[in-house]
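As structure tokens, the structure follows; a few thoughts come after it.
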Number of protein chains: 2
Amino acid sequence: MGNQKLYKGSLQTIILKLLEENDKMYGYEITQRVKQLTKGELNITEGALYPALHKLEADGLLDVEVAKVDNRLRKYYKLTENGTKETVSRLAEMEEFLKTMQTIVNPKFV
Amino acid sequence: MGNQKLYKGSLQTIILKLLEENDKMYGYEITQRVKQLTKGELNITEGALYPALHKLEADGLLDVEVAKVDNRLRKYYKLTENGTKETVSRLAEMEEFLKTMQTIVNPKFV
DNA sequence: ATATATACATAATTTCCTTATGTATAAAAC
DNA sequence: GTTTTATACATAAGGAAATTATGTATATAT
């Protein structure tokens with residue numbers, strides 16, 4: 001790592017994308033999935049994750065459902081109808097952003 | 001636009017990259033070059049640009065040289081030796097970041 | 001004469017993240 | 001059997017980097 005600050009602003013999109021693929025996930029599971037997906041390159045901290053989940057819920061993009069597994073608390077999040085729509089548009093913005101950044105940092109290959 | 005917040009954290013790298021290509025540039029020129037390069041997708045605001053340039057200078061990555069052109073002030077920035085080294089590493093981090101984000105948002109194509 | 005473009009700057013505020021800390025249970029290691 | 005690590009949530013203090021608003025000044029276009 002060392003480039004963690006480049007991820008600033010993309011956490012919500014990452015969460016939405018994972019929930020689009022997985023129907024429902026809980027917080028800790030999200031951090032582990034991201035770590036695995038990125039081969040350890042991106043580690044979402046709890047101080048970033050939980051406020052982000054609460055924000056997405058407050059904005060009506062996620063629904064939450066509490067469960068008790070192995071005597072431990074889990075909060076399962078899933079996309080609302082609105083969240084599903086918003087995910088599509090956030091992903092389009094992300095693709096646009098990635099393309100644009102490629103154009104800037106590597107103009108020869110784009 | 002609407003995805004401007006995704007650019008959060010990448011402004012310094014963008015500036016360094018442009019200066020790697022252009023030897024010396026002044027602030028306003030950087031905003032115009034970026035607007036043109038990105039077809040209007042990214043508009044660097046002055047409130048972001050000037051503090052960023054001052055920070056890079058304070059960190060010893062840029063040298064500044066004041067010039068008067070058409071009776072107007074211009075501050076030309078160029079990479080220091082250290083800035084050139086740092087640019088290489090920042091660009092490597094950016095490429096890594098872009099690759100990782102592609103893996104997350106578009107796993108099928110990477 | 002007025003609006004737009006060029007060219008710098010900074011202050012107040014907001015956003016998003018890091019770092020630190022806290023609670024609690026389960027499993028693994030020593 | 002006790003301590004460490006993993007699982008699972010949460011929030012508060014602080015910092016970095018942006019947005020928004022405002023300011024100065026000259027040149028060009030309408």
Side-chain angles (χ1 to χ4, degrees), chain A residues 1-16 24-36 40-59 61-62 64-77 90 93-94 97 101, chain B residues 1-16 24-36 40-59 61-62 64-77 90 93-94 97 101:
Chain A
M1 286 143 281
N3 59 344
Q4 291 275 353
K5 77 163 164 303
L6 292 174
Y7 291 92
K8 217 176 241 276
S10 53
L11 178 56
Q12 285 195 4
T13 304
I14 291 171
I15 293 170
L16 293 173
K24 69 173 186 173
M25 298 183 83
Y26 56 99
Y28 186 77
E29 185 185 14
I30 291 174
T31 66
Q32 299 309 301
R33 186 69 53 90
V34 168
K35 197 183 289 186
Q36 167 225 325
E41 157 90 358
L42 176 56
N43 286 293
I44 297 177
T45 60
E46 296 159 301
L49 177 73
Y50 294 114
L53 287 171
H54 301 161
K55 178 79 163 48
L56 288 168
E57 191 197 349
D59 290 347
L61 304 184
L62 301 185
V64 68
E65 186 196 322
V66 181
K68 199 150 195 176
V69 180
D70 292 333
N71 203 34
R72 263 201 235 94
L73 191 77
R74 277 187 192 172
K75 289 196 170 177
Y76 281 99
Y77 290 91
R90 298 275 189 111
E93 283 174 3
M94 177 59 78
F97 161 70
M101 280 307 307
Chain B
M1 282 144 283
N3 60 343
Q4 290 276 351
K5 76 161 165 302
L6 293 174
Y7 291 93
K8 223 174 235 274
S10 52
L11 178 56
Q12 286 196 5
T13 304
I14 291 171
I15 293 170
L16 292 174
K24 69 172 188 174
M25 297 183 84
Y26 56 100
Y28 185 76
E29 186 185 13
I30 291 174
T31 66
Q32 299 308 300
R33 184 70 53 89
V34 167
K35 197 184 288 182
Q36 166 228 323
E41 157 91 359
L42 176 56
N43 287 294
I44 297 176
T45 60
E46 296 159 301
L49 177 73
Y50 294 114
L53 287 171
H54 301 161
K55 176 80 162 49
L56 289 169
E57 191 198 349
D59 290 348
L61 305 183
L62 301 185
V64 68
E65 185 196 325
V66 181
K68 199 151 198 178
V69 179
D70 294 331
N71 204 34
R72 262 201 235 94
L73 192 76
R74 276 186 193 171
K75 289 196 170 177
Y76 281 99
Y77 290 91
R90 298 274 189 110
E93 283 173 5
M94 176 59 76
F97 161 71
M101 280 308 307

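Everything numeric in this text was worked out from a predicted model, so none of it was measured. Chain A is the first sequence line, chain B the second, and so forth, proteins listed ahead of strands; every chain is numbered from 1.
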Item to check | From D:dT19, C:dC16, C:dT18, nucleotide with atom closest to B:Ala48 side chain | outcome: D:dT19
Item to check | Rounded interatomic separation in angstrom, taking NZ from A:Lys55 and P from C:dT15 | outcome: 8 Å
Checklist outcome for this item: Side-chain contact check for B:Tyr77: nearest option of C:dA9, D:dT19, C:dT18 is C:dA9
Checklist entry - Of B:Gln32 and A:Thr45, whose closest DNA chain C nucleotide lies nearer the 5' terminus? => result B:Gln32
Checklist entry - Within the structure shown, what part of the strands sits under 4.0 Å from A:Gly27 by heavy-atom distance: base, sugar-phosphate, or nothing? => result sugar-phosphate
Next on the checklist: For a quick test of reading the model: is some side-chain N or O of A:Asn71 closer than 4.0 Å to OP1 or OP2 of C:dA26?
Outcome noted: yes
Checklist entry - Out of curiosity, A:Met101 CE to B:Leu6 CG, how far, rounded to the nearest 0.5 Å? => result 11.0 Å
Checklist outcome for this item: In short, A:Gly27 meets A:Leu49 closest at the heavy-atom pair O-CD2, 3.3 Å
Checklist entry - What closest approach, in Å, do B:Glu46 and B:Pro51 show between heavy atoms, and which atom pair accounts for it? => result O-CD, 3.7 Å
Next on the checklist: Which nucleotide wins on minimum distance to the side chain of A:Lys75, given the candidates C:dT10, D:dC9, D:dA16?
Outcome noted: D:dC9
Checklist outcome for this item: To the nearest angstrom, the CZ-P distance between A:Phe97 and D:dA18 comes to 11 Å
Next on the checklist: Nearest to the side chain of B:Lys8, heavy atoms from C-beta on, is which of D:dT11, C:dT10, D:dA17?
Outcome noted: D:dA17
Next on the checklist: At less than 4.0 Å, is any side-chain N or O atom of B:Tyr50 found next to OP1 or OP2 of C:dC8? Yes or no.
Outcome noted: yes
Item to check | Between C1' of C:dT19 and CG of A:Leu49, the distance in whole Å | outcome: 16 Å
Checklist outcome for this item: Separation of D:dT19 atom P from B:Ile44 atom CD1, nearest Å, is 9 Å
Item to check | Least distance between heavy atoms, B:Ile30 atom then B:Ile15 atom | outcome: CD1-CG2, 4.3 Å
Next on the checklist: Under 4.0 Å, heavy atoms only, any strand: does A:Gly47 hit a base, just the sugar-phosphate, or nothing?
Outcome noted: base
Item to check | Any donor-acceptor N/O pair under 3.5 Å between C:dC17 base and A:Gln4 side chain | outcome: no
Next on the checklist: Just by distance, no angles: are the side chains of A:Tyr77 and A:Glu29 close enough, under 3.5 Å, to form a donor-acceptor pair?
Outcome noted: no
Checklist outcome for this item: To the nearest angstrom, the OH-P distance between A:Tyr26 and D:dC9 comes to 7 Å
Between the protein and nucleotides 3-5 of chain C, which nitrogen or oxygen pairs come in under 3.5 angstrom?
none

Checklist entry - Checking all strands, does B:Glu29 fall into the base, sugar-phosphate, or nothing category for heavy-atom contacts under 4.0 angstrom? => result nothing
Checklist entry - Would you say A:Tyr7 reaches C:dC17's phosphate, i.e. side-chain N/O to OP1/OP2 under 4.0 Å? => result no
Next on the checklist: side chain to side chain contact (heavy atoms under 4.5 Å, CB included), that's the test. Do B:Gln4 and B:Thr45 meet it? Break it down for me.
Outcome noted: CA-CA 11 Å; B:Gln4 290 276 351; B:Thr45 60; over 6 Å; no
Item to check | Rounded interatomic separation in angstrom, taking CG from A:Leu73 and C1' from C:dA26 | outcome: 15 Å
Checklist outcome for this item: On a heavy-atom basis, the closest approach of A:Ala48 and A:Leu11 is O-CD2, 3.6 Å
Checklist entry - Between D:dT19 atom C1' and B:Leu6 atom CG, what is the distance in whole Å? => result 15 Å
Next on the checklist: Evaluate B:Arg90 against B:Leu61 for side chain to side chain contact (heavy atoms under 4.5 Å, CB included), listing each step before the verdict.
Outcome noted: CA-CA 12 Å; B:Arg90 298 274 189 110; B:Leu61 305 183; 3.9 Å; yes
Item to check | Any B:His54 side-chain nitrogen or oxygen under 4.0 Å from OP1 or OP2 of C:dC8 | outcome: no
Checklist entry - To the nearest angstrom, how far is A:Glu57 atom CD from D:dC9 atom P? => result 13 Å
Next on the checklist: Between A:Leu53 and B:Gln12, which residue's closest nucleotide on DNA chain D lies nearer the 5′ terminus?
Outcome noted: A:Leu53
